Amino acid sequence: DAGITQSPRYKITETGRQVTLMCHQTWSHSYMFWYRQDLGHGLRLIYYSAAADITDKGEVPDGYVVSRSKTENFPLTLESATRSQTSVYFCASSAGKNTEAFFGQGTRLTVV
Amino acid sequence: GDSVTQMEGPVTLSEEAFLTINCTYTATGYPSLFWYVQYPGEGLQLLLKATKADDKGSNKGFEATYRKETTSFHLEKGSVQVSDSAVYFCALGNQGGKLIFGQGTELSVKP
């Protein structure tokens with residue numbers, strides 16, 4: 001299916017575990033983004049990528065790792081999950097700088 | 001660093017009322033400005049955008065004008081409908097490629 005897809009949609013994990021959230025887009029967009037959405041904070045940028053093998057930190061990168069070996073995939077890894085990382089995570093992609101971003105449906109992550 | 005500030009919600013209006021949601025930004029250079037909308041349980045989708053000073057973005061009866069002198073991009077609609085109930089996000093795209101969002105404003109429209 002064309003578009004941007006995130007998996008899983010829901011995840012419960014324990015404190016200290018490593019967890020990876022997947023993001024896949026079929027448009028060959030150069031830019032990809034990861035955000036977390038929390039009440040009272042809106043969307044905060046975790047990491048973004050301008051192209052394969054190019055990633056950069058956003059506003060709240062601590063505790064997260066990203067990679068982008070292929071243009072279409074941009075996984076986000078929580079190396080050692082903490083309860084403060086309980087959130088809804090959104091992935092997005094765009095064709096270029098300052099163009100429309102398309103969002104996935106989100107992953108609701110609960111760290112217990 | 002670059003940032004976006006929106007008026008706090010929730011905003012509750014009656015159907016056919018006038019809507020304004022304030023948005024101001026801080027950025028170096030000349031960012032592009034966006035309004036996104038999020039319906040319950042969904043991801044965000046673009047509502048409108050403006051790429052340079054004095055540009056007006058418009059879509060589905062919503063409008064916003066890029067005001068460089070006041071660093072603002074306020075969202076307006078002349079007559080809201082129940083179906084406009086959603087969370088609205090103001091965002092900027094900076095020269096480095098970052099896309100930065102405000103905290104969102106929840107709009108509830110009552111019949």
Side-chain angles (χ1 to χ4, degrees), chain A residues 1 3-7 9-10 21 23-25 27 29-52 54-61 66 68 74 87-108, chain B residues 1-10 21-53 55 57 59 66 73 86-107:
Chain A
D1 290 334
I4 182 165
T5 54
Q6 294 183 234
S7 61
R9 291 293 311 276
Y10 303 91
L21 309 184
C23 180
H24 175 78
Q25 51 103 355
W27 295 301
H29 283 170
S30 55
Y31 278 82
M32 295 188 75
F33 308 85
W34 273 108
Y35 295 89
R36 59 178 290 173
Q37 183 174 24
D38 305 288
L39 275 174
H41 292 282
L43 260 67
R44 291 183 289 175
L45 181 63
I46 304 171
Y47 272 94
Y48 68 108
S49 169
I54 301 174
T55 62
D56 210 344
K57 294 178 180 179
E59 304 163 89
V60 289
V66 293
R68 194 161 176 212
F74 192 39
S87 187
V88 179
Y89 291 85
F90 284 99
C91 179
S93 71
S94 68
K97 193 183 301 184
N98 296 337
T99 60
E100 178 179 0
F102 294 86
F103 282 77
Q105 292 288 88
T107 295
R108 184 175 294 275
Chain B
D2 296 351
S3 65
V4 175
T5 302
Q6 290 180 234
M7 66 183 284
E8 291 190 15
I21 301 178
N22 290 337
C23 171
T24 58
Y25 67 91
T26 302
T28 54
Y30 303 96
S32 292
L33 300 174
F34 306 87
W35 277 100
Y36 282 80
V37 59
Q38 183 181 33
Y39 297 101
E42 298 184 9
L44 280 71
Q45 54 188 278
L46 180 68
L47 181 59
L48 53 84
K49 71 174 187 180
T51 57
K52 61 183 187 296
D55 267 2
N59 185 27
Y66 189 143
F73 193 55
V87 181
Y88 292 82
F89 290 89
C90 185
L92 72 82
N94 70 11
Q95 292 177 325
K98 279 185 182 179
L99 184 58
I100 297 168
F101 286 82
Q103 64 267 47
T105 302
E106 182 180 359
L107 171 66

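Scope of the values below: all heavy atoms of this structure, side chains included, with no hydrogens, waters or symmetry mates. Model, not experiment: these values are computed from the prediction.
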Report task. Would you kindly say whether A:R68 and A:S49 are connected by a side-chain donor-acceptor distance under 3.5 Å? Result -> yes

Query raised in the report: Are B:L92 and B:D2 side-chain neighbours, meaning at least one heavy-atom pair lies under 4.5 Å?
Result: yes

Query - A:Q37, part contacting chain B, at a heavy-atom distance under 4.5 Å - result: side chain

Report summary line: Cut-off 4.5 Å, heavy atoms of chain B, and the answer for A:A101 is both

Query - Residue selection (most heavy-atom pairs with chain A, distance under 4.5 Å) from B:S32, B:G41, B:G102 - result: B:S32

Report task. Taking atom OH of B:Y30 as the centre, report whether more than 12 heavy atoms of other residues, nucleotides or ligands fall under 6.0 Å from it. Result -> no

Query raised in the report: Does a sphere of radius 6.0 Å around CZ in A:R108 hold more than 12 heavy atoms from other residues, nucleotides or ligands, not counting ones at 6.0 Å or beyond?
Result: no

Query - Interchain contact, B:Q38 with chain A, by part (heavy-atom threshold 4.5 Å) - result: side chain

Query raised in the report: Centroid-to-centroid, B:F101 to A:Y35, below 6.0 Å?
Result: yes

**Report entry** Closest-packed option against chain A by number of heavy-atom pairs under 4.5 Å, given B:G43, B:G1, B:P31
**Finding:** B:G43

**Report entry** Centroid-centroid under 6.0 Å between B:Y36 and A:F103 rings
**Finding:** yes

Query raised in the report: Which residue out of B:I100, B:N94, B:T51 racks up the most heavy-atom pairs below 4.5 Å with chain A?
Result: B:N94

Query - Under 4.5 Å from a heavy atom of chain B, the part of A:L45 involved - result: side chain

Query raised in the report: Do you know which of B:K49, B:K98, B:E8, B:Q45 has the most heavy-atom pairs with chain A at a distance under 4.5 angstrom?
Result: B:K98

Query raised in the report: Who among B:V4, B:L46, B:L33, B:V87 has the most heavy-atom pairs with chain A under 4.5 Å?
Result: B:L46

Requested in this report: Would you confirm whether A:Q25, through its side chain, and A:S30, through its main-chain N or O, come within 3.5 Å as a donor-acceptor pair?
Outcome: no

